[in-house]
*Asks:* 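Below you'll find the structure I mean.
In this text the structure is predicted, and so the values were computed from the model without any measurement. Reckoned from all heavy atoms, side chains included, excluding hydrogens, waters and symmetry mates. Just so we're on the same page: letters track the sequence lines, and every chain starts at 1.
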Amino acid sequence: MIIRCRDISKSYFRGSLEIPVLQGLELEIPQGGYYALMGPSGSGKTTLLNLIAGIDRPSGGHLEVCGHALNDLDDDELAAWRAAYVGFIFQNYNLVPVLNAYENVELPLLLTDLSRSQRRERVLEALELVKLADRMGNYPRQLSGGQEQRVAVARAIVGDPDLLVADEPTGSLDARNAEEVLGLMERLNREMGKTILMVTHDPKAAQHARVQVHLEKGVLERTVEVRR
Amino acid sequence: MNYLHLILRSLLRSKRRTVLTVLSLAVSVALVAVLQSVLFTLDSFTKNPNASNRIAVRHKVSITNLLPIRHADWIRRQPGVEAVMGLQWFQGVYIDRSNFFPNFATEAEYLTTVFREEIVDYSESQFRDFMRDRNGCIAGQALADKYGWKVGDVITLKSDIFPITVRLTLRGTFRSRKPSDEQALHFHYKLLEEGVSYMKGHIGNIWVRARHPEDVPGLIERIDRHFADAVDPTTSETENAFQLTFLKMMGNYSAMIQSITAAVLVAILVVTANTMAMAIRERTTEIAVFRAMGFTGLQVLGLLMAEGVLLSVLGGGLGLGIAWLMAGGVRQTAGTFLPYLQDFTVPGEVLMFCLHATMGVGLLSTFIPAYRATRRPIIEGLRAL
Ligand SMILES: Nc1ncnc2c1ncn2[C@@H]1O[C@H](COP(=O)(O)OP(=O)(O)OP(=O)(O)O)[C@@H](O)[C@H]1O
Ligand SMILES: [Mg+2]
């Protein structure tokens, strides 16, 4: 299992008022899984994704991801862990506007000790995978939304992480571009063995995953294998 | 791409804002650099290492009261004294008041001994001509060049403080190590003494050259003690202390310059802090993305601080360039009525001060917004849009 959530709880505080979001949540995802996390708005999908991706900490319970007990890592260790194991794909792409496509993809590699030419090789490989090698000099504002999200996918995989997390990756895209990005993610899962956890509202998008998990009021309601 | 590249790109995110900030920094730093250089230049006259043998003696009551020239004779006889020279500020106007330069009625025979370090290059024969001609005068080379004077020319000076006009013949010129030391004109004290009745036997200052710098404190003490009960008591001080007294007559320029400097530094701190706070605030989401990707808080802090320092150093560097260009203008304008500023430049000390100050401004102004940005939870940054 690449992800193990044991009795995870998470509350937010508004002043002294406790807002429980997740309660006693149990979830296991095997290596190479492609899970779609669904549920009504406010059910805690993003919260759970953030905990698993190590950018937020649970209020209680035990979290083991990619072989590391996240509870035991301090902030800097957690940052190093994210750099090594997790690729992020956001709904709004979140590319750096002053960097071109090539540089955006190269960004996470600044944290590695790869040489310039090794970095170049990796960046070109990632850009070719998302079929944007010919646009590598373009700045985000010179790309369509779909292209931007594909650059973001290239950035997420360039460091060769085991786990990809995507919060509504197609939420800002039209149907055609959404299909393209979903197809890409499917390939990453199938051909490269990436474990993917994707939050989505869209049942069509969720069809691309292998397993759909439904979150309702902070607890997992049901898990469905997708049949094709 | 490397980190420097990344920082430069971030700086150019809002070109207009960056350019405006750099320009306002540049103008402010240029002002500070020029003012600090003025202070430094003036200070150098009160810290002249060549003056360590010299004592200036003046009337105890005020710098404008006259001393009997007999005092000089007594001082001349004291052990450890190499030479003594009476000197009277004449304030002669050459054609027009705007042609200001210092001119003195001097016991000229002692001039090249007392001011050996300043009058370094001159013609013996010209000086002999000067000594022989009671209407003769000598001038610094830079001064002679400025007015196109040649040896033999007649220079008429109408005094602003004595009821006398002197017609002098230029008999020679001298060179110094610094242009500011080549601005003076000297003529014979006898001429003043004969032309102005109350000057008979009187002089404004007496300059004493000790054989050894270590004799200076003892001589000062001995001179002032000897004349303490005389009708005209003296105040003696080192030449550097005297220069300071003289400059202080213009007011406490040092405190003024320092307070302007402080005010300008605070102003650019505010300008830079505002720019960096804006630059960081609009990048809240991006900073969260960087950290999600695995950049540590410290790394992000470093990137932002480097950006702030680069911004302020760009402004500071440009400002120093402007100050350097302005230095020539200062020499030509302020230098004509304040000869101290004749060799005005932006000295290395001021350069370093300004660079350090702008780096400090960059660090200080960026630290607080940058630190707060890196303390902010990542998930909050990702949610902010
Ligand atoms: N920082 C926070 N402070 C307080 N409450 C929060 C915070 N973040 C989330 N919440 C609350 O926690 C609950 C779950 O939020 P979450 O963002 O995980 O929902 P979601 O399932 O992703 O919803 P959506 O589908 O709208 O994105 C919501 O009620 C939300 O208001
Ligand atoms: Mg959400």
*Asks:* Do you know which of Asp76(A), Leu110(A), Asp75(A) has the most heavy-atom pairs under 4.5 Å to chain B?
*Replies:* Leu110(A)

*Asks:* In terms of side-chain geometry, is the basic nitrogen of Asp160(A) or Lys194(A) positioned less than 4.0 Å from the acidic oxygen of its partner?
*Replies:* yes

*Asks:* Begin from the C-alpha positions of Glu349(B) and Gln36(B) and carry the test side chain to side chain donor-acceptor pair (under 3.5 Å) through to its verdict.
*Replies:* CA-CA 9 Å; Glu349(B) 284 85 346; Gln36(B) 287 292 324; over 6 Å; no

*Asks:* I'd like to know if Arg283(B) and Glu307(B) make a salt bridge, using a cut-off of under 4.0 Å between side-chain N and carboxylate O.
*Replies:* yes

*Asks:* Quickly, which of Asn100(A), Val123(A), Leu114(A) forms a side-chain contact (heavy atoms from CB on, under 4.5 Å) with Glu106(A)? Name it, please.
*Replies:* Val123(A)

*Asks:* Of the backbone (N, CA, C, O) and the side chain (C-beta and beyond), which part of Leu109(A) lies under 4.5 Å from a heavy atom of chain B, both, or neither?
*Replies:* neither

*Asks:* At a heavy-atom separation under 4.5 Å, does Tyr102(A) approach chain B through its side chain, its backbone, both, or neither?
*Replies:* neither

*Asks:* Is Arg120(A) in contact with chain B via its backbone, its side chain, both, or neither, using a 4.5 Å heavy-atom distance?
*Replies:* neither

*Asks:* Please test His5(B) against Glu103(A) for side chain to side chain donor-acceptor pair (under 3.5 Å), starting from the C-alpha separation and ending with a verdict.
*Replies:* CA-CA 10 Å; His5(B) 187 88; Glu103(A) 293 160 341; 3.0 Å; yes

*Asks:* Examine whether an atom of Val86(A) lies under 4.5 Å from a heavy atom of chain B, and if so say whether it belongs to the side chain, the backbone or both; otherwise answer neither.
*Replies:* neither

*Asks:* Give, as side chain, backbone, both or neither, the part of Phe295(B) having an atom under 4.5 angstrom from any heavy atom of chain A.
*Replies:* both

